[in-house]
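Every chain is numbered from 1, with letters handed out A, B, ... down the list of sequences. Everything quoted here is computed from the prediction, not taken from an experiment.
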Number of protein chains: 2
Amino acid sequence: MLRPKPVPVTVADIRKNCSQCHLLELCLPFGMTETEINRLEQLIESRRRVLRNKPLYRCGDPFEAIYAIRTGSFKTDVLLEDGRQQVTGFHMAGEILGLDGIGTERHTCNAIAMEDSEVCVIEYRQLETLAREVEGLQHQFHKVMSREIVRDHGVMMLLGSMRAEERLAAFLLNLSHRLSIRGFSSAEFHLRMTRNEIGSYLGLKLETVSRAFSRLQEEGLILVQQKHVKILDLASLQKLVHPLTRHQSGE
Amino acid sequence: MLRPKPVPVTVADIRKNCSQCHLLELCLPFGMTETEINRLEQLIESRRRVLRNKPLYRCGDPFEAIYAIRTGSFKTDVLLEDGRQQVTGFHMAGEILGLDGIGTERHTCNAIAMEDSEVCVIEYRQLETLAREVEGLQHQFHKVMSREIVRDHGVMMLLGSMRAEERLAAFLLNLSHRLSIRGFSSAEFHLRMTRNEIGSYLGLKLETVSRAFSRLQEEGLILVQQKHVKILDLASLQKLVHPLTRHQSGE
DNA sequence: CATATTCGTTGATGCGCATCAAGCACGCTT
DNA sequence: AAGCGTGCTTGATGCGCATCAACGAATATG
């Protein structure tokens with residue numbers, strides 16, 4: 001409801017923004033030259049803190065900026081009239097939020113912080129202007145959008161053709177991969193989202209998610225304790241997902 | 001397997017390309033000024049015919065161009081190792097294909113013509129160059145990508161939370177809408193895809209699709225005869241989809 | 001025009017997951 | 001430390017859809 005106001009940042013802070021950010025290679029500036037990055041830095045006017053469970057933006061909000069996650073993590077979801085939610089994605093540091101708003105000039109989903117987080121605010125009109133001058137920025141921005149499309153196709157395949165246990169395995173492998181890229185352990189991590197949110201994302205009910213966790217544990221592939229997950233047998237998890245030989249119910 | 005070679009087009013033809021194309025408002029040039037469109041036209045080097053069931057591009061192909069559908073229609077799919085396919089989208093005149101390739105510089109799915117079709121080939125590097133000069137093109141291109149993302153989110157919601165009959169209703173309404181925009185009847189049309197392809201797209205088996213068709217017909221909402229569909233009760237169809245009050249199995 | 005092949009419909013059966021329900025393990029508040 | 005709310009687990013039951021199977025309709029092939 002109440003939005004935290006953007007936190008003004010000093011010029012010195014801003015200058016440090018991208019080139020010294022350890023997320024450089026995961027974020028928008030990836031692949032840009034140093035001088036290109038310097039120009040992008042100047043465009044990032046402010047950062048914004050978002051407290052846990054608070055929205056960065058909401059469905060229907062006018063679209064004005066995209067956001068690069070500096071710290072923390074977000075979920076994006078759509079609320080249905082009956083109050084139920086459908087989670088469309090989980091997002092972590094370095095990823096870009098808000099791309100959904102460009103087409104309609106309004107945001108089409110809610111972006112909610114899953115923990116106290118901080119984002120870089122990139123005013124969209126300015127980004128377009130700069131992208132016309134800085135080829136590397138333009139190209140990288142297009143890549144970010146394209147990858148989002150491909151990612152969504154992956155989720156569609158998951159929802160369309162995998163069984164509960166396989167969906168969860170795919171989800172865990174995806175998390176594991178993204179965490180390891182960011183320098184965290186790929187084998188052991190803490191889930192920031194509830195079973196309900198995982199279920200919503202995977203097209204399952206929370207009880208089914210819980211059972212799938214237990215099942216993977218019984219099979220010795222993972223170790224779960226509430227939100228703590230430890231991956232014991234990566235290869236088997238991957239085999240479970242990748243062949244995609246099995247579809248839908250058994251067989 | 002064998003790809004039809006690009007069909008060279010005379011300069012005169014090209015000149016007529018966009019500004020005289022009746023798809024103008026559905027395609028990339030939408031929202032651009034006349035002079036902007038003229039510059040875009042010059043960039044479209046060739047058209048390409050694709051015969052029914054032939055690929056426009058294949059998964060793994062190096063990414064070089066995006067394609068605007070002039071006539072005909074396409075499906076995009078991913079083939080799994082066991083030979084089964086997962087359809088990620090159906091595409092008709094005016095829509096843009098190939099955006100998935102930007103991120104990895106390779107196509108990540110197959111685009112197969114569902115009937116003899118023709119596309120405008122838009123070489124991607126040239127498009128980027130021109131987008132840096134022509135603001136309207138840049139903006140429109142971003143919008144097209146953003147809408148693709150939003151569209152995919154819609155499919156994710158459909159796959160994650162709707163029952164077979166609702167999925168099919170949503171699918172039919174979506175087709176109907178897109179056809180009416182293109183000047184075709186929104187109430188009566190011919191399906192270009194098989195039950196199997198519809199099922200693959202909707203995360204259902206072909207038998208279930210067939211039953212859902214029959215069910216909607218029994219309820220008096222539509223009239224089906226093989227690939228011919230007539231919508232009898234639009235409002236009820238929409239009610240079936242929109243509330244999204246019911247989820248997954250019954251309740 | 002006859003035959004083969006693909007595609008569609010419909011019925012019978014079983015499995016996977018949603019649903020309903022109860023109890024347990026947390027973190028929060030006072 | 002007690003009390004509460006929220007989130008997680010696990011069991012019992014039923015429904016929706018996949019699966020298997022057979023037949024019919026439409027299109028392609030020679």
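Atom CD of A:Gln217 and atom P of D:dT9 are 9 Å apart (whole Å). For A:Glu207 and C:dC17, the CD to P distance is 13 Å, given to the nearest whole Å. When the P atom of D:dG7 is taken as reference, atom CD1 of A:Ile198 falls 13 Å away, rounded to whole Å. Rounded to an integer number of Å, the gap from NE2 of A:His190 to P of D:dG7 is 13 Å. Rounded to an integer number of Å, the gap from B:Glu166 CD to D:dC15 P is 17 Å. For B:Leu206 and C:dT9, the CG to P distance is 10 Å, given to the nearest whole Å. A:Arg195 has its CZ atom 9 Å from the C1' atom of D:dT9, to the nearest Å. Straight-line distance from the CG atom of A:Leu204 to the P atom of D:dC17: 15 Å, rounded to whole Å.
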With side chain to side chain contact (heavy atoms under 4.5 Å, CB included) as the test, would you mind laying out the steps for A:Leu206 and A:Ser200 before giving the verdict? CA-CA 8 Å; A:Leu206 69 92; A:Ser200 173; over 6 Å; no
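Atoms CG and OG, from A:Leu159 and B:Ser161 in turn, are 9.5 Å apart once rounded to the nearest 0.5 Å.
Which of D:dC17, D:dT9, D:dT19 sits closest to the side chain of B:Arg163 comes down to D:dC17. Distance from the side chain of B:Gln226 is smallest to D:dA26 among D:dT9, C:dT10, D:dA26. In this structure, the nucleotide among C:dT9, C:dG8, C:dA18 sitting nearest to the side chain of A:Lys205 is C:dA18. Residue B:Arg211 has its side chain nearest to D:dT19 when only C:dC20, D:dC17, D:dT19 are considered. Side-chain proximity of A:Ser214 to D:dT10, D:dG7, D:dC17: nearest is D:dT10.
Close to C:dC17, at under 4.0 Å from its OP1 or OP2, lies no side-chain N or O of A:Thr208.
The residue among B:Val224 and A:Ala164 whose nearest nucleotide of DNA chain C lies closer to the 5′ end is B:Val224. Residues B:Glu165 and B:Arg52 each lie close to DNA chain D; by heavy-atom proximity, the contact nearer the 5' end of the strand is made by B:Glu165.
Within 4.0 Å of B:Ser210, counting heavy atoms only, lies at least one base atom of the nucleic acid.
A:Phe213 carries A:Arg195 over the face of its six-membered ring, with the cationic atom under 6.0 Å from the centre and within 45° of the normal.
Note on the helix from C:dC1-D:dG30 to C:dT30-D:dA1: angle between the axes of the first and last five pairs equals 50°, rounded to 10 degrees.
Between the side chain of A:Arg215 and the base of D:dT9, no donor-acceptor pair under 3.5 Å is found.
Ion pair B:Arg147/B:Glu95 not flagged as a salt bridge, since none of the NZ, NE, NH1 or NH2 atoms sits closer than 4.0 Å to an Asp/Glu carboxylate oxygen.
With hydrogens and angles disregarded, no donor-acceptor distance shorter than 3.5 Å links the side chain of A:Arg215 to the backbone of A:Glu165. In this structure a side-chain-to-backbone donor-acceptor pair under 3.5 Å is missing from A:Ser186 to A:Ser176.
Taking B:His228 as the reference, B:His190 meet the ring pair (Phe, Tyr, Trp, His ring centres under 6.0 Å) condition, with sequence neighbours excluded. Remark: B:Phe63 pairs with B:His107, B:Tyr124 by the ring pair (Phe, Tyr, Trp, His ring centres under 6.0 Å) rule, at least two apart or across chains.
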